[in-house]
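Written below as structure tokens is the structure these notes are about.
For clarity, every value in this text was computed on a predicted model and none was experimentally measured. So you know, we letter chains A, B, ... as the sequences are listed, proteins then strands, and number each from 1.
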2 protein chains.
Amino acid sequence: MSDALLQSHEFFSFLTGKVSTAISRRLQRNLKLAKLNITSEQWTILYHLWQEEGLTQQELANLTFRDKPSITRLINNLEKISLVIRVNDKQDRRSNLIYLTKEGRRLKEEGMKQSAITLSEAVAGLEIEELRTAQHILDKVFKNIK
Amino acid sequence: MSDALLQSHEFFSFLTGKVSTAISRRLQRNLKLAKLNITSEQWTILYHLWQEEGLTQQELANLTFRDKPSITRLINNLEKISLVIRVNDKQDRRSNLIYLTKEGRRLKEEGMKQSAITLSEAVAGLEIEELRTAQHILDKVFKNIK
DNA sequence: CTTCTTTAATTGCATAAGCAACCTAAATTA
DNA sequence: TAATTTAGGTTGCTTATGCAATTAAAGAAG
């Protein structure tokens, strides 16, 4: 790689989170505007549970690329606000299966809507082809360092 | 934008930080391996001071895309470990000018080296042209939502 | 079986982030 | 020049993260 690019602050700063920080903040703001009192991090957990309930904390950790302690605490907080419950797995008593509460399920529609809005704000004016390209490239980066 | 892409979990998850989290962790790890006891967040502050000392906290906030309280606390911690000092601006007594200590300057060489290593690990196997493309696209996203 | 190892989750400790409220100094304006 | 607004920083409160160490259950090896 060229030194010019290596030294490019712009390049490094987007890799180190400028864009994703901006997206999280925007999602957070949109959730708040829609009266959803959840953080963007909580959203990422709920997102996966909206697709499939009964995931273990380890599975959630893998899906959201967080470590186990982070998941423990996110689930603690989500339980505190009564959006999910831990159910001890009878088959494997080490595991907790995480389920949505009725209220947790109720948030799906608005939660998905706000994330879709956020995403469309983010990618406004971009071509599908550009998005595919960016995704492809970032995927390679991720594989390099995950 | 197509629904297929809107629903793409992969796409959303990289936008919400998978890649940048991985980069931060890798940088953190590389710094630690090189015996530099600073966090990746502290690195971003030092990076700008290595380019130019005497920046105000507000300028650092703008450069690193953080809010003012975050900078206050990062500078507190950097002062605590004696890498920077606050100097009250005589011209504008509201401002602090942030300078590196001798030790802070000493870390420049190794700090820049480790970030270069991290970056080259991240972009291994990618073409310059791909990187330019990704940067360009992410720049558009950032402008949309910053 | 009993020991050893691996796995799921939790806890402790330290750092970092966002938002709102606040303080003080500077700049504006009336 | 007094009153108001703006700008730079700090503090309080809450949430989130990483890493290391720990507990308890499950699985493997002897």
Side-chain angles (χ1 to χ4, degrees), chain A residues 16-18 20-33 37-46 54-81 83-84 86-98, chain B residues 16-18 20-33 37-46 54-81 83-84 86-98:
Chain A
T16 54
K18 220 171 69 169
S20 62
T21 303
I23 298 239
S24 295
R25 287 185 197 167
R26 179 61 66 105
L27 175 58
Q28 186 75 76
R29 198 181 82 183
N30 287 340
L31 291 170
K32 191 171 184 179
L33 286 173
N37 282 322
I38 54 174
T39 66
S40 54
E41 293 86 357
Q42 291 170 348
W43 181 93
T44 65
I45 300 293
L46 292 175
L55 298 171
T56 66
Q57 296 185 197
Q58 183 60 62
E59 287 168 335
L60 285 167
N62 296 338
L63 288 167
T64 63
F65 195 57
R66 290 182 168 87
D67 68 357
K68 286 185 288 182
S70 293
I71 300 298
T72 294
R73 281 146 180 155
L74 281 172
I75 299 297
N76 286 350
N77 287 338
L78 284 166
E79 255 192 334
K80 208 180 298 171
I81 57 177
L83 296 183
V84 308
R86 286 176 165 94
V87 175
N88 197 259
D89 187 346
K90 299 289 180 218
Q91 262 63 52
D92 183 342
R93 290 175 26 243
R94 292 170 304 179
S95 297
N96 294 328
L97 307 180
I98 311 299
Chain B
T16 55
K18 220 171 71 170
S20 63
T21 303
I23 298 239
S24 295
R25 287 185 197 166
R26 178 62 64 106
L27 174 59
Q28 186 75 74
R29 198 181 83 182
N30 287 341
L31 290 171
K32 191 171 184 178
L33 287 173
N37 283 320
I38 55 174
T39 66
S40 55
E41 293 86 356
Q42 291 170 348
W43 181 92
T44 66
I45 300 293
L46 293 174
L55 297 170
T56 66
Q57 296 185 198
Q58 183 61 60
E59 286 168 337
L60 285 168
N62 297 338
L63 287 167
T64 62
F65 197 56
R66 291 181 168 91
D67 69 356
K68 289 184 289 180
S70 293
I71 300 298
T72 293
R73 281 147 180 153
L74 281 172
I75 299 296
N76 286 350
N77 287 338
L78 284 167
E79 256 193 334
K80 208 180 297 171
I81 57 178
L83 295 183
V84 308
R86 285 176 166 95
V87 176
N88 196 259
D89 187 346
K90 299 291 182 215
Q91 263 64 53
D92 183 342
R93 289 174 27 240
R94 292 172 305 181
S95 299
N96 294 327
L97 307 180
I98 311 300

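Spacing between atom CG of B/Asn62 and atom P of D/dG9 amounts to 10 Å, rounded to whole angstrom units. Between A/Gln28 atom CD and C/dA20 atom P the separation is 11 Å, expressed in whole Å. Regarding B/Glu79, its CD atom lies at a distance of 13 Å from the C1' atom of D/dT10, rounded to whole Å. Atom CG of A/Asn77 is separated from atom P of D/dT14 by 12 Å (rounded to the nearest Å). We find that CD of B/Gln91 is positioned 17 Å from C1' of D/dA7, with the value rounded to whole Å. At whole-Å resolution of the value, CG in A/Leu60 and C1' in C/dA8 are 13 Å apart. For the pair B/Leu33 CG and D/dC19 P, the interatomic distance rounds to 12 Å; values are reported in whole Å. Rounded to whole Å, atom P of D/dC19 lies 15 Å from atom CD1 of B/Ile38.
Side-chain nitrogen and oxygen atoms of A/Arg93 include none within less than 4.0 Å of the OP1 or OP2 phosphate oxygen of D/dA24. In this model, the phosphate group of D/dT17 is not approached by any side-chain N or O of B/Thr21 to a distance below 4.0 Å at OP1 or OP2. Between C/dT10 and A/Gln57, a contact under 4.0 Å exists linking OP1 or OP2 to a side-chain N or O. Phosphate contact (OP1/OP2 of C/dA16, side-chain N/O of B/Gln42, threshold under 4.0 Å): present. Of the side-chain N and O atoms in B/Asn96, one or more sit less than 4.0 angstrom from OP1 or OP2 of D/dT10. For D/dA20, the OP1/OP2 oxygens have a side-chain nitrogen or oxygen of B/Lys32 closer than 4.0 Å. Residue A/Gln58 places at least one side-chain N or O under 4.0 Å from the OP1 or OP2 atom of C/dA8.
Put simply, the residue from B/Leu74, B/Ile98, B/Thr44, B/Asn96 that forms a side-chain contact (heavy atoms from CB on, under 4.5 Å) with B/Leu60 is B/Ile98. Across B/Arg86, B/Arg66, B/Lys68, a single residue satisfies side chain to side chain donor-acceptor pair (under 3.5 Å) together with B/Gln57, and that is B/Arg86.
In the set C/dA9, D/dA16, D/dG18, the nucleotide with an atom closest to the side chain of A/Lys68 is C/dA9. In this structure, the nucleotide among D/dG18, D/dG8, C/dG18 sitting nearest to the side chain of B/Arg94 is D/dG8. Taking only side-chain atoms of B/Ser70, from C-beta outward, the nucleotide of C/dA26, C/dT10, C/dA17 with the closest atom is C/dA17. For B/Ser95, the listed nucleotide lying nearest its side chain is D/dG9; candidates were D/dT15, D/dG9, C/dA20. Nearest nucleotide to the side chain of B/Leu74, out of D/dC19, C/dA17, C/dA9: C/dA17. Checking C/dT10, D/dT15, C/dA20 against the side-chain heavy atoms of A/Arg86 singles out C/dT10 as nearest. When distances are taken from the side chain of B/Asp67 to each of C/dA16, C/dG18, C/dA9, the shortest belongs to C/dG18. Of the candidates D/dT17, D/dT10, C/dA26, the closest approach to any side-chain atom of A/Arg66 belongs to D/dT17.
B/Thr72 comes within 4.0 angstrom of a nucleotide base, judged by non-hydrogen atoms across all strands. As judged by a 4.0 angstrom heavy-atom cut-off over every strand, A/Asp89 is placed among residues making no nucleic acid contact. Using a 4.0 Å heavy-atom distance criterion, B/Lys80 is classed as making no nucleic acid contact. Residue contacts for A/Arg73: at a heavy-atom cut-off of 4.0 Å it reaches a base atom on one of the strands shown. Using a 4.0 Å heavy-atom criterion, one finds that B/Asp92 contacts the sugar-phosphate atoms exclusively. Note on B/Ile71: nothing from the nucleic acid sits closer than 4.0 angstrom, heavy atoms only. Using a 4.0 Å heavy-atom criterion, one finds that B/Asn76 contacts no nucleic acid atom at all.
Remark: A/Asn37 CG is loosely packed, at most 12 non-hydrogen atoms of other residues, nucleotides or ligands lying under 6.0 Å away.
Using a 4.5 Å cut-off on side-chain heavy atoms (C-beta onward), B/Arg26 and B/Asn30 make contact. Looking only at side-chain heavy atoms (C-beta outward), B/Arg73 and B/Pro69 come within less than 4.5 Å of each other.
Toward the 5′ end of DNA chain C lies the nearest nucleotide of A/Ile75, the other residue of the pair A/Ile75 and A/Arg29 mapping further downstream.
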**Request:** Could you walk me through whether B/Leu46 and B/Val84 pass the side-chain contact (heavy atoms from CB on, under 4.5 Å) test, one step at a time?
**Result:** CA-CA 9 Å; B/Leu46 293 174; B/Val84 308; 4.1 Å; yes
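Side chains of B/Thr56 and B/Ser95: no donor on one and acceptor on the other come within 3.5 Å.
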